[in-house]
Amino acid sequence: MSERTTAAAAGLPPRHPEKGFAADPLDVLQEGHRVHGPVFRMPVDGVETVLVGTWGGLGELFAAERDHLEVLNTPLVHDLFGRALFNLTADAHGQARQRLRLALSGRALPGYVPALLEVAEPVAARWARRGTSDLHREVRELTGAMSARVLLGIAEDEADAARFAADFETFVAAGSAPPGTSRFTSPRYWAGRAARRRLRALFARRAAAVRGKPDGSALATLVAAFDGAPTAVGPLEDHLLALLIAARETTASLVTWYLVELAGHDDPARAAAQEVLAVPAEPELLVRRDALPVLRAVLAETQRLHSPNLLSVRETVCPVTLGGHLIPPGSRVAYSPSAGHFDPEVFPQPRDFRPGRFLAGQTNTSRLWAFGGGAHACLGRPLAELMTLTAVTAALRQGLPRLPAGPPSRIRYRPAKAPIDPLPFTLECQEPAS
Ligand code: HEM
């Protein structure tokens, strides 16, 4: 260890004031990193937290993660999700990831394209006919239906669709019950626990039905992957709850901001609308990384400017050195996926929406962290990007996005970045070129 590192390791990271965090957390994090570098301390939700960010800081955090840090989930999250992936540690976590990946990797995606288009196209046609009174609410419904279809094989006209939607809503609402022991006095918590039981029964019934009878969803692969799995890797039903929750809000956030940005930027919107004309004849373009360059550049720029997740939180299980500071066990550590997304040296004019920076030969998407990194990096990235491109393609085939009342003026950052107020949205049908 160098002399400088030894000296620095003697002290905790510098402290940054939390002032303004509730209103504009990204600005506060960015300022913290500008002043203090990759690691600093700040209270988050009243708890002292070591914040790690920037390219170098994240690399160091992810390298140390396996043996030194665990995901910090509240007792409420443990109750609701049981032994779902993000509640597992060490080997059990690694093994469960391997099994889930079989159904979520890029290789599995082409099989999901027809089902996803079948869900998205009628919804986008309805948006074009009627407009929507709230873009984010409608997009949440769409990503909910897409997730149900692709992860569970539930089509919208099945009786299970309404049952699943109602119980899942109640389950999600339980996530805002108090996180500690006072959850036991919350009716929302108990309603969520009852919904969890019904959802797990529904998953088990559908898993039994899909055995040996693939239905274009991920379920058959998942059932085969968890058949005979050791108890430690957790039951498939718990993992399905985690996948559904991970898929829905975050993807809804990304689709919402994608459409918001296109509504405000006519040139990329028109270029993207031109590109989607090829998709009906060749739907596999949606999963080819070398296809649809404008749509993919807008996807990358939307991830950069509007990362759905604000913070991923860990707890140190033994001492760890980050940025030259020795962090004791039991400390809260968090990283913001987008803390480095506004670095002007990597992304010139970082506040501007400039999808062109991601077109061939320009900025590399490897500096984007919207899907996290390290041991708990998002397993659903390929599927999330496919769902987003499918939703946007379906919308652009109907018309160009418009926001009659203008862009969102108030934003919330948790659980996923979204407009606070209803956001009127229409798709403006284009005259065919003569
Ligand atoms: C735009 C959409 C999405 C975004 C931005 C996103 C982002 C993230 C991030 C940042 C993490 C890391 C959290 C951490 O470090 O603690 C994560 C984890 C995870 N995501 Fe996603 N996600 C998205 C969609 C999905 C989808 C569609 C699925 C699956 C169907 C999924 C499944 C998961 C799972 C299972 C984990 C936990 C991994 C683990 O603990 O090992 N995500 N996601």
Side-chain angles (χ1 to χ4, degrees), residues 52-53 58 61-62 65-66 69-73 77 81 83-106 108-109 112 116 139-140 142-144 146-152 217-219 221-222 233-234 236 238-258 299-300 302-315 332-341 368-392 413-418:
V52 182
L58 289 178
L61 177 75
F62 297 146
E65 187 172 18
R66 256 300 165 219
L69 299 129
E70 285 181 2
V71 173
L72 183 69
N73 282 328
V77 170
F81 289 95
R83 276 172 295 147
L85 189 63
F86 44 63
N87 284 340
L88 298 180
T89 55
D91 267 10
H93 173 254
Q95 283 191 38
R97 268 182 84 91
Q98 270 178 15
R99 289 168 199 267
L100 291 167
R101 191 179 280 118
L102 294 172
L104 298 173
S105 71
L109 294 190
Y112 306 146
L116 288 175
V139 169
R140 269 186 87 235
L142 172 59
T143 56
M146 286 171 129
S147 307
R149 181 63 180 273
V150 83
L151 294 171
L152 301 171
S217 80
L219 193 57
T221 311
L222 290 171
V233 306
L236 177 56
D238 284 358
H239 291 304
L240 283 169
L241 280 173
L243 295 185
L244 288 157
I245 207 94
R248 195 223 192 149
E249 299 293 336
T250 46
T251 315
S253 166
L254 197 59
V255 173
T256 298
W257 292 108
Y258 196 125
L299 181 68
T302 308
Q303 283 174 34
R304 189 185 70 78
L305 281 175
H306 304 287
S307 281
N309 298 59
L310 177 67
L311 286 175
S312 291
V313 188
R314 305 282 187 266
E315 189 174 36
R332 191 171 283 202
V333 174
Y335 75 92
S336 171
S338 51
H341 288 182
L368 298 179
W369 292 100
F371 291 92
H376 291 272
C378 183
L379 259 190
R381 179 176 188 164
L383 179 59
E385 294 191 336
L386 171 61
M387 282 167 63
T388 304
L389 290 181
T390 307
V392 168
Y413 289 86
R414 289 183 277 182
K417 184 174 176 180

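Just so you know, ligand 1 is whichever comes first in the structure, and atom 1 is the first atom listed for that ligand.
Contacts of Ser307 with ligand 1, taken as heavy-atom pairs under 4.0 Å, are absent altogether. Only side-chain heavy atoms of Arg97 come within less than 4.0 Å of ligand 1; its backbone N, CA, C and O stay farther off. Both the backbone and the side chain of Thr251 come within contact range of ligand 1, each with a heavy atom under 4.0 Å.
Distance alone, capped at 3.5 Å, is enough to place a donor-acceptor pair between the Thr143 side chain and the Val139 backbone. Panel note: side chain Thr251, backbone Arg248; no donor-acceptor pair is recorded below 3.5 Å. No donor-acceptor pair closer than 3.5 Å links the side chain of Arg99 to the backbone N or O of Leu236. Glu65 contributes a side-chain N or O that, together with a main-chain N or O of Ala375, makes up a donor-acceptor pair within less than 3.5 Å. Formation of a donor-acceptor pair under 3.5 Å by the His306 side chain with backbone atoms of Tyr258 is not found in this model.
The atoms of ligand 1 that sit less than 4.0 Å from any heavy atom of Leu85 are 35 (C), 38 (C), 39 (C), 41 (O). With ligand atoms numbered from 1 in the order given, ligand 1 contributes 39 (C), 40 (O), 41 (O) to contacts under 4.0 Å with heavy atoms of His93. The contact set between ligand 1 and Phe86, taken as ligand atoms under 4.0 Å from a residue heavy atom, comprises 40 (O). The contact set between ligand 1 and Tyr335, taken as ligand atoms under 4.0 Å from a residue heavy atom, comprises 12 (C), 14 (C), 15 (O). Counting atoms of ligand 1 from 1 in the listed order, those under 4.0 Å from a heavy atom of Ala370 are 5 (C), 7 (C), 10 (C). Annotation for ligand 1: atoms under 4.0 Å from non-hydrogen atoms of Leu254 are 1 (C). Close contacts between ligand 1 and Ala377 involve ligand atoms 38 (C) [criterion: under 4.0 Å to a heavy atom].
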Next on the checklist: Go through it in stages, so that I can follow the logic: the residues are Leu254 and Leu299, the test is side-chain contact (heavy atoms from CB on, under 4.5 Å), and I'd like the CA-CA distance, side-chain angles, deciding distance and then a yes or no.
Outcome noted: CA-CA 8 Å; Leu254 197 59; Leu299 181 68; 3.9 Å; yes

Item to check | Step-by-step side-chain contact (heavy atoms from CB on, under 4.5 Å) determination, Leu151 to Tyr112 | outcome: CA-CA 9 Å; Leu151 294 171; Tyr112 306 146; over 6 Å; no

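Looking at heavy atoms from C-beta onward, Leu69 lies in side-chain contact with Val333 at the 4.5 angstrom threshold. No side-chain heavy atom of Arg149 sits under 4.5 Å from any side-chain heavy atom of Leu116. Contact of the Leu311 side chain with the Ser336 side chain is registered, since non-hydrogen atoms from C-beta on lie closer than 4.5 Å. Side-chain contact between Leu310 and Lys417 is absent, with no heavy-atom pair separated by less than 4.5 Å. Between Gln303 and Pro337, the closest side-chain pair of non-hydrogen atoms is not below 4.5 Å.
Put simply, no part of Ala242 is less than 4.0 Å from ligand 1, judged by heavy atoms. Distances shorter than 4.0 angstrom do not occur between any heavy atom of His239 and any atom of ligand 1. For Arg248, the heavy-atom gap to ligand 1 stays at 4.0 angstrom or more. Note on ligand 1: Leu383 sits in its first shell, one or more heavy atoms being nearer than 4.0 Å.
Of all protein atoms, those of element N, O or S that lie under 2.8 Å from atom 21 (Fe) of ligand 1 number 1.
For atom 16 (O) of ligand 1, the nearest protein heavy atom (residue, atom name, distance) is Arg314 NH1, 2.9 Å. The shortest contact between atom 40 (O) of ligand 1 and any protein heavy atom is with His376 ND1, 2.7 Å. Summary of contacts: the protein heavy atom closest to atom 13 (C) of ligand 1 is Ser312 OG, 3.4 Å.
In this pair, His93 and His376 present their aromatic rings tilted. The plane angle is within the 30 to 60° band.
The distance from atom CG of Leu104 to atom CZ of Arg381, rounded to the nearest 0.5 Å, is 14.0 Å.
The ring-ring contact (aromatic ring centres under 6.0 Å, His included) test applied to Phe86 returns Phe81, not counting sequence neighbours.
The shortest N or O to N or O distance between Trp369 and ligand 1 is not below 3.5 Å.
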